Amino acid sequence: MKRSLLFSSLTLGILIGCGGSKNTDTPPVDEQKIPKLNDIKVSAAPLIKASEFQFSQNLKNGLFKRYQTRLSHYDVPENDATASPSTSKDFSQTNQQEQNVDEADRVKYDGEFLFIAANSFDDIYHDSNEGENYIRIMQRNAKGEMNQIHTLPYSEANGSEQNLYLHNNTLAILNYSPSYFSFPIANDIAATVEPYFYYGDNEFELSLIDVSQPSQAAIKHQFKIEGGLIDSRVIDGSLYIVSNYHPNFTGFDTSDNDEATVLANYQNLKKSAACGVDT
């Protein structure tokens with residue numbers, strides 16, 4: 001019986017959808033003053049159901065707190081990813097930290113066919129400023145030599161990271177742009193320079209490729225998933241994905257950091273739709 005590849009996402013936050021309860025028992029917020037917000041902390045407490053108003057308020061408070069934190073360090077806008085020889089079972093595979101828990105890699109090998117995540121930007125004869133993600137498929141012959149038998153372009157997203165999983169006759173590809181820290185160069189060696197955290201693309205892609213006939217490999221399904229990919233594993237034929245959605249608000253005026261500008265930014269954020277923050 002074929003095992004299916006499933007994917008799931010783990011979200012840390014408030015458990016509610018955009019169309020939740022309209023309970024507004026929470027006291028009104030004075031929008032004529034810049035609010036004093038608590039620092040953002042990671043909590044291990046159980047998730048609780050919140051009203052639509054509470055969800056909207058907490059989401060906007062988090063966005064405004066992040067804006068204030070960055071304002072204290074920088075005055076810049078926020079920028080928000082033939083015949084087959086006999087196959088031996090004695091061959092190298094991706095290293096595993098736990099038995100029977102498969103981890104992603106840029107190369108997967110089944111003893112006969114080698115699947116390589118590639119980008120045309122890195123090709124020797126590539127003469128463009130843009131690249132295309134594709135899969136190179138190599139076959140091992142009777143002499144142990146590897147020959148390329150197929151290339152399969154699979155995405156226009158061009159994420160800088162490509163993670164592969166190989167299970168039975170399905171090659172799963174996670175294509176994403178990761179988040180990372182950047183350290184600015186200080187003019188004064190003695191000066192303290194805070195690192196800048198760059199959020200990757202707020203969307204990643206999952207492609208499922210049929211490799212039952214590697215020389216004719218073809219895309220079966222593709223999914224675009226909101227959020228940033230954190231990690232993934234395959235256990236008992238099921239693909240588990242951990243992702244984190246990073247809300248963004250582009251309406252902050254960063255031309256000044258005086259009290260009037262900061263208050264105006266807070267009021268503009270309050271007027272935005274809770275589920276359409278990226279406006």
Side-chain angles (χ1 to χ4, degrees), residues 5-12 78-81 92-98 101-110 113-138 146 148 150-167 170-184 195-211 214 217-235 237-248 278:
L5 281 165
L6 305 175
F7 67 92
S8 62
S9 62
L10 175 65
T11 304
L12 299 179
E78 179 179 4
N79 295 321
D80 279 86
S92 298
Q93 300 185 62
T94 302
N95 292 333
Q96 296 180 347
Q97 300 181 67
E98 297 185 33
V101 178
D102 193 16
E103 301 178 31
D105 209 337
R106 290 182 62 88
V107 175
K108 288 295 183 180
Y109 183 51
D110 66 0
F113 296 99
L114 183 69
F115 302 89
I116 306 172
N119 187 286
S120 60
F121 185 79
D122 300 318
D123 293 348
I124 296 177
Y125 300 107
H126 184 69
D127 56 1
S128 172
N129 292 327
E130 298 181 358
E132 180 181 47
N133 286 338
Y134 67 97
I135 297 298
R136 295 182 63 196
I137 302 178
M138 317 283 287
M146 303 298 295
Q148 182 168 296
H150 190 46
T151 60
L152 177 66
Y154 70 88
S155 174
E156 297 180 355
N158 292 327
S160 60
E161 295 293 329
Q162 303 171 73
N163 288 348
L164 306 184
Y165 287 101
L166 181 61
H167 179 73
T170 298
L171 181 71
I173 310 170
L174 287 165
N175 181 33
Y176 68 103
S177 294
S179 302
Y180 61 86
F181 277 101
S182 176
F183 293 86
Y196 168 70
F197 186 75
Y198 170 78
Y199 291 92
D201 292 344
N202 221 7
E203 182 180 79
F204 61 98
E205 190 175 70
L206 170 63
S207 302
L208 302 179
I209 312 298
D210 180 4
V211 293
I219 300 171
K220 291 197 299 184
H221 303 288
Q222 282 189 316
F223 305 92
K224 290 186 182 295
I225 306 170
E226 288 187 326
L229 181 66
I230 297 177
D231 213 338
S232 62
R233 294 289 188 273
V234 166
I235 305 174
S238 295
L239 174 60
Y240 294 86
I241 294 174
V242 180
S243 65
N244 178 34
Y245 182 76
H246 171 68
N248 185 35
D278 194 12

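This is a predicted model, so every value here is computed, not measured.
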Please step through side chain to side chain contact (heavy atoms under 4.5 Å, CB included) for the pair Phe223 and Leu208, ending with a clear verdict. CA-CA 9 Å; Phe223 305 92; Leu208 302 179; 4.1 Å; yes
Quick check: do Asp105 and Leu164 have side-chain heavy atoms less than 4.5 Å from each other? no
Please assess Leu239 against Leu206 for the test side chain to side chain contact (heavy atoms under 4.5 Å, CB included), listing each intermediate value before the final yes or no. CA-CA 11 Å; Leu239 174 60; Leu206 170 63; 3.8 Å; yes
Once rounded to the nearest 0.5 Å, what's the spacing between atom CG of Leu171 and atom CD1 of Ile219? 11.0 Å
Could you work out, with side chain to side chain donor-acceptor pair (under 3.5 Å) as the rule, every residue matching Glu226, not counting sequence neighbours? none
Output the distance between atom CD1 (Ile241) and atom CD1 (Ile230), rounded to the nearest 0.5 Å. 11.5 Å
With a 4.5 Å cut-off on side-chain heavy atoms, are Asn133 and Ile173 touching? no
If you round to the nearest 0.5 Å, how far is NZ of Lys224 from CD of Glu205? 4.0 Å
Give me the atom names and distance for the closest heavy-atom approach of Phe204 to Ser243. CE2-CB, 3.7 Å
Can you name the closest pair of heavy atoms from Glu132 and Ser155 and give their distance? CG-O, 4.1 Å
My understanding is that only residues two or more places apart in sequence, or in another chain, count here; which of them pass side-chain contact (heavy atoms from CB on, under 4.5 Å) with Gln97? Glu103, Arg233
For the OH atom of Tyr176 and the CD1 atom of Ile225, what is their distance to the nearest 0.5 Å? 13.0 Å
Note: Gly228 and Asn202 closest approach over all heavy atoms is N-OD1, 4.2 Å
Can you tell me how far CD1 of Ile137 sits from NE2 of His150, rounded to the nearest 0.5 angstrom? 5.0 Å
Can you tell if the side chain of Tyr109 reaches within under 4.5 Å of the side chain of Leu166, non-hydrogen atoms only? no
In terms of heavy-atom contacts, Leu114 and Ile116 come closest through CD2-CD1, 3.8 Å
Nearest atoms (heavy-atom pairs only) where Asn163 meets Ala104: CB-CB, 3.4 Å
How long is the span from the CD atom in Gln222 to the CG atom in Asn175, to the nearest 0.5 Å? 9.0 Å
Taking the side chain from Asp110 and the backbone from Phe113, do they hold a donor-acceptor pair closer than 3.5 Å? yes
Taking all atoms of both residues into account, what is the closest heavy-atom pair of Val211 and Thr170, and its distance? CG2-N, 4.0 Å
Between Lys108 and Asp102, does a side chain to side chain contact (heavy atoms under 4.5 Å, CB included) hold up when you go through it step by step? CA-CA 11 Å; Lys108 288 295 183 180; Asp102 193 16; 3.3 Å; yes
Does Ile209 offer a backbone N or O that forms a donor-acceptor pair with the side chain of Tyr154 under 3.5 Å? no
